[in-house]
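All remarks here apply to the structure that follows.
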Amino acid sequence: MPSFQTTPGTRDILPPDAARWRGFVEKFASVVSLAGFQHIVLPMFEDLGVFQRLGDATDVVTKEMYDFVDKGGRHVALRPEQTAGVCRSYAQHRPTAPWKVWYGGPNFRYERAQHGRYRQFDQVGVEALGSDDPLLDVEVIALAVEFFQGLGLRNVVLHINSLGDSGDRSRYVDALAQYFEGHLAELSPESVATLQRNPLRVLDSKRENEQSVVSQAPSISSFLSDEAASHFAQVKQGLDALGISYVVNERLVRGLDYYCRTTFEFQSTALESAQTAVGGGGRYDGLVEDLGGPATPGIGFAIGLDRTLLACDAENVFAHPSTRADVFVIDTTGGMQALQLCQQFRNVGLSSERTYGARAMKAQMKAADKSGASFAVIIGTDELSQGVATVKSMVDGHQEEISLESVVGHVAAQIGKVIS
RNA sequence: GUGGGCGUAGCUCAGUUGGUUAGAGCGUCGGUUUGUGGUACCGAAGGUCGGGGGUUCGAGACCCCUCGUCCACCCCA
């Protein structure tokens, strides 16, 4: 007898959590819509090559890709994130710039699951293509800040950095490699291996015993070109002008190779676990061109649903939405009355529930109580023979008989009073 | 991928140095006479003790393998 459960790193989002997820995405949509970002829906899998542009030195590409060959012999992969897909879409359809879009949905990375880290994980995010204005960077960052605040989060810290242009970046990587080569003895074997692949990533190490060698590494700031430095300065001025607080973190190197100039990350200080980054993003001025499109600057961010909701739990904000029913119909005459009355209540916009099967009056009352309904409408044999229904307030217990024809209107009026 | 912790009812967990028909709380369902909820009381259903092999007269407890899960590294959201 086979029994199944979800595959590692995946899980069911059950009620009432799923409703909270939906509320999360709706809130995000409303925040970014005010800034002119429009919804885009992308394929969940694409040609593997699209994602390889994320950088062949990144773990996301080298070991976490969910890739496979389809029946037509195409080598495709489940998307590990959505920025590459947006850029591919831009290159394919050539919309007029600036193109400002938002998205939500699942991404896939093959890695060991952990608190706040899953193989299938949801993100919401925005991308703005077609402008390298530093004030666009500011606006994009401000949207994320706005959203976190809107959820009620207070303990989210914004870290920003600039990785400069590609020339700055490669000169910095060389200097970094040279520095670490001179301190190999102080590095862990893992970091030595990382150094071979991507010297920037060594800065990410969380190992206690190499923190000092990492903290004394050269900083990116002294390698920035005049243009990149000026861009970064304007971003900071813009953030200051909006009153957005931030920490300049010169060790902030993000995991995807396409980033240049502005990069940022949001860290929750309310989370105890190792996964404290609730969102992050940056500028990727070369990505659209890499994907075969015209040279197009771009910037965006993604926010992780799971982690952000964990942060909400930790801060006790953004509670689950209410699932209270308006009316509960109790029918001890067989259920046909409940069937019809529930329908009538729903037709006037009231949520109505009932029990199924021939349950005792008491059992139905208990169910009514559990549903949180403000009113119970009771039809027993007495009511049925007189053509009335008993309307009972579940709040104060008061009840009265109302004719069957006017019971829906009566209850609707009563609930209207309660709401106003 | 590496290392460690943990897998007993739907959920949270007890199960003494291996020893009769595996327990509790919560939840679910039913009842406490005549048709009425939150409390209380009574009762019921529900478990191949993750799976497989082994040791033993006897294994939920011990050993091995395996799967799952959690945590850390790694990486990132």
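Here is how names work: the chains are called A, B, and so on, in the same order as the sequence lines, proteins then strands, and each is numbered from 1. These numbers come from the heavy atoms of this one structure, side chains and all, not from hydrogens, waters or symmetry mates. From a predicted model like this one, the values you see are computed outputs, not experimental measurements.
- Spacing between B:C26 and B:A40 at atom P, rounded to whole Å, works out to 8 Å.
- The phosphate of B:G37 (OP1 or OP2) has a side-chain N or O of A:Lys362 nearer than 4.0 angstrom.
- Between the P atoms of B:G52 and B:U33, the separation comes to 48 Å (whole Å).
- B:C62 and B:G54 make up a base pair, with Watson-Crick or G-U wobble contacts both under 3.5 Å.
- Spacing between B:G50 and B:C6 at atom C1', rounded to whole Å, works out to 12 Å.
- The P atoms of B:G3 and B:A59 are separated by 32 Å, rounded to the nearest whole Å.
- Under the Watson-Crick and G-U wobble criteria, each requiring two contacts below 3.5 Å, nucleotide B:G68 is paired to B:C6.
- Nucleotides B:U55 and B:A9 have their C1' atoms positioned 29 Å apart, rounded to a whole Å.
- Taking atom P in both B:G25 and B:U21, one finds a spacing of 23 Å when rounded to whole Å.
- What separates CG of A:Leu271 from P of B:C71 is a distance of 12 Å, to the nearest Å.
- The side chain of A:Arg201 places an N or O atom within less than 4.0 Å of a non-bridging phosphate oxygen (OP1 or OP2) of B:C76.
- Between the P atoms of B:G10 and B:U48, the separation comes to 8 Å (whole Å).
- When both distances must be under 3.5 Å, the Watson-Crick or G-U wobble mate of B:C41 is B:G31.
- Proximity of A:Lys366 to the phosphate of B:C29: no side-chain N or O atom is located under 4.0 Å from OP1 or OP2.
- With ring centers used as reference points, A:Phe345 lies 6.0 Å or more from A:Phe328.
- B:G37 atom C1' lies 12 Å from atom CD of A:Gln364, rounded to whole Å.
- Residues A:Thr296 and A:Glu289 bring no donor and acceptor atom of their side chains to less than 3.5 Å of each other.
- As rounded to the nearest Å, B:G51 and B:U8 have C1' atoms that lie 14 Å from one another.
- Across all strands, A:Tyr118 comes closer than 4.0 Å to base atoms (heavy-atom distances).
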